[in-house]
Novice: 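Please find one structure pasted underneath; my questions will follow.
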Protein chains: 2
Amino acid sequence: MTDTRRRLIDGAIETLRTRGIAGISARSIAAAAGVNQALVFYHFGTVDGLLDAACRESTAARVELYRDRLAAVGSLRELLALGRELNIAEREAGNVAVLAQVLAGAQQDAALAATARESLRLWVAEVAAALDRVLAGSPVSELTSTSQLAPAVAAAFIGIELYEGVDAGAAAGALEAIESLAVLAEVLDDLGSVGRAALRVRLRRLRAESRD
Amino acid sequence: MTDTRRRLIDGAIETLRTRGIAGISARSIAAAAGVNQALVFYHFGTVDGLLDAACRESTAARVELYRDRLAAVGSLRELLALGRELNIAEREAGNVAVLAQVLAGAQQDAALAATARESLRLWVAEVAAALDRVLAGSPVSELTSTSQLAPAVAAAFIGIELYEGVDAGAAAGALEAIESLAVLAEVLDDLGSVGRAALRVRLRRLRAESRD
DNA sequence: GTCTATAGAGGGATAGAC
DNA sequence: GTCTATCCCTCTATAGAC
């Protein structure tokens with residue numbers, strides 16, 4: 001990758017962070033990149049093309065950065081601790097905010113939506129793999145699949161990140177609530193066969209109800 | 001409220017829905033409202049002023065619409081069912097998407113952030129009251145407070161709504177995962193004093209660890 | 001209260017020199 | 001690959017007629 005492409009991608013990410021999706025323009029990005037405005041079109045064709053490349057590139061790099069650590073996680077507790085660390089680091093670097101801005105823009109733009117979908121899938125695949133290991137043998141895995149749980153984790157992350165920008169206290173509370181609820185899973189593990197039996201009863205009742 | 005103010009507020013909400021925060025302008029709103037562009041400035045001073053009024057107005061109306069039903073909820077199961085119904089209705093009406101767009105714009109705009117914060121607090125207050133009733137006496141209330149749980153619910157809602165625009169399948173999975181996890185709370189209720197005791201043990205251990 | 005017209009800024013995108 | 005210059009469009013906001 002040439003130096004100018006690099007600078008433009010970094011400039012796009014920085015502009016997304018500082019001015020949001022509503023403040024994105026070839027001129028604002030070029031100013032952040034310290035580069036001529038016309039180069040956006042020479043290298044990426046359109047502003048959307050640059051946004052697309054920036055989102056893909058930044059997500060891939062972030063996922064790469066955390067892959068090893070996610071792969072090393074051995075318990076729910078460790079996963080939550082890593083999640084909190086990741087939340088703080090990404091918030092300081094402004095990267096979850098970037099994904100949130102892209103997601104907001106993607107609601108009305110099919111091309112950007114495809115990019116956002118693939119970016120989220122990169123994260124979700126890593127999270128799902130970690131959940132698979134952490135929840136193996138736990139009664140929780142009878143309740144829900146990690147392929148559903150992982151997107152829920154990603155969605156919560158994004159929601160909390162956006163929340164953080166307008167009400168930091170409430171967002172911190174939300175994060176704590178989620179961590180507290182994870183204790184429920186551990187309690188169920190502690191209860192062993194008793195908990196597992198109670199869970200099965202509930203699940204049977206639930207499925208009988210949904211047949212009505 | 002005059003007819004023109006009404007039309008402009010509705011036009012702003014519709015524009016937020018169809019074109020997102022990046023597509024907001026006095027002209028696009030006025031076109032959606034079927035009204036002259038200059039009237040935005042006559043009635044609301046600036047485009048931001050109109051956005052602000054639209055967000056407050058629309059949130060207050062929505063919260064009002066669901067207040068009675070939220071107040072009638074008597075169990076976690078009923079609350080989840082109402083949540084799912086609300087999710088579908090608001091998605092079809094495009095209102096959670098509107099709040100998500102405002103939230104994205106609010107990250108870089110202090111005035112809009114204040115509006116978004118207050119709008120979220122309207123929702124959170126209702127959700128917290130419902131959770132208070134539903135979780136009264138449940139061991140879950142020893143784990144976390146509804147003042148933390150309610151923002152978590154709101155954040156998850158917003159995250160899922162944004163997710164829905166780019167990956168509907170994954171978003172549906174996320175919603176199901178959350179509903180499944182709620183069964184954990186019911187299982188713990190079923191277990192009565194056994195579950196409560198196991199929970200207390202876990203909590204003691206957790207707090208001992210966090211003192212290290 | 002509503003309209004037209006317009007100033008002045010910012011924006012996407014391109015042509016063509018270097 | 002990079003720059004300047006420019007076209008033409010859209011934007012906010014206001015002035016002033018009605």
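Letters go in sequence order (proteins before strands), and every chain restarts at 1. None of the values given here were measured: they were computed from a predicted structure. Only heavy atoms go into these numbers, but all of them, side chains included; no hydrogens, no water, no symmetry mates.
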Novice: For the side chain of B/Asn36, counting heavy atoms from C-beta on, which of D/dT4, D/dG1, C/dT4 is nearest?
Specialist: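 Among the listed nucleotides, the one closest to the side chain of B/Asn36 is C/dT4.
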Novice: Heavy atoms, side chains only, cut-off 4.5 Å: are A/Leu51 and A/Ile21 in contact?
Specialist: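 Counting from C-beta outward, A/Leu51 and A/Ile21 do come under 4.5 Å.
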Novice: For the side chain of A/Gln37, starting at C-beta, report the closest nucleotide among C/dG12, C/dT2, D/dT14.
Specialist: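 Shortest atom-to-atom distance from the side chain points to C/dG12.
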Novice: Rounded to whole angstrom units, what separation is found between the CZ atom of A/Phe41 and the P atom of D/dC8?
Specialist: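 Atom CZ in A/Phe41 sits about 17 Å away from atom P in D/dC8.
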Novice: Salt-bridge test for B/Arg69 and B/Glu126: reply yes if a basic N is under 4.0 Å from a carboxylate O, no otherwise.
Specialist: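 Salt bridge between B/Arg69 and B/Glu126, a charged N being under 4.0 Å from a carboxylate O: no.
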Novice: Between A/Ser147 and A/Ser145, is any side-chain donor less than 3.5 angstrom from a side-chain acceptor?
Specialist: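 Yes.
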Novice: Using a 4.0 Å heavy-atom cut-off, does A/Val35 contact any base of the nucleic acid, only the sugar-phosphate backbone, or nothing at all?
Specialist: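 A/Val35: no heavy atom of the nucleic acid under 4.0 Å.
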Novice: Judged by each residue's nearest nucleotide on DNA chain C, which is more toward the 5′ side, B/Asp3 or A/Tyr42?
Specialist: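 Taking each residue's closest nucleotide, the earlier one in sequence belongs to B/Asp3.
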Novice: Looking only at side-chain atoms of B/His43, point me to the closest of D/dT2, C/dG11, C/dT2.
Specialist: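 Ranking D/dT2, C/dG11, C/dT2 by closest atom to the B/His43 side chain puts C/dT2 first.
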Novice: Check the distance between C/dT14's C1' and A/Arg27's CZ and give it to me in whole angstrom.
Specialist: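 Value for this atom pair: 12 Å.
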Novice: Under 4.0 Å between a side-chain N/O of B/Ser25 and OP1 or OP2 of D/dC11, yes or no?
Specialist: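 Yes, such a contact exists.
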Novice: With sugar-phosphate meaning primed atoms plus P, OP1 and OP2, does A/Thr46 contact a base, only sugar-phosphate, or nothing at under 4.0 Å between heavy atoms?
Specialist: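 Here A/Thr46 touches the backbone only, sparing every base.
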Novice: Closest approach of B/Pro139 and B/Leu199, non-hydrogen atoms and distance?
Specialist: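 Smallest interatomic distance, heavy atoms only, reads O-CD2, 3.3 Å.
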Novice: If you check the B/Leu39 side chain, which of C/dG12, C/dC3, D/dT2 turns out closest?
Specialist: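 Out of C/dG12, C/dC3, D/dT2, the nucleotide with an atom closest to B/Leu39's side chain is C/dC3.
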Novice: Compare the minimum distances between each of C/dT14, D/dG1, D/dT6 and the side chain of A/Ala38, then state the nucleotide with the smallest one.
Specialist: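 Ranking C/dT14, D/dG1, D/dT6 by closest atom to the A/Ala38 side chain puts C/dT14 first.
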Novice: Whole angstroms only, please: what is the CZ-C1' distance between B/Phe44 and D/dT14?
Specialist: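 For the pair B/Phe44 CZ and D/dT14 C1', the rounded distance is 18 Å.
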Novice: Does a side-chain N or O of A/Ser28 approach OP1 or OP2 of C/dG11 to a distance below 4.0 Å, or not?
Specialist: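 No, outside the criterion.
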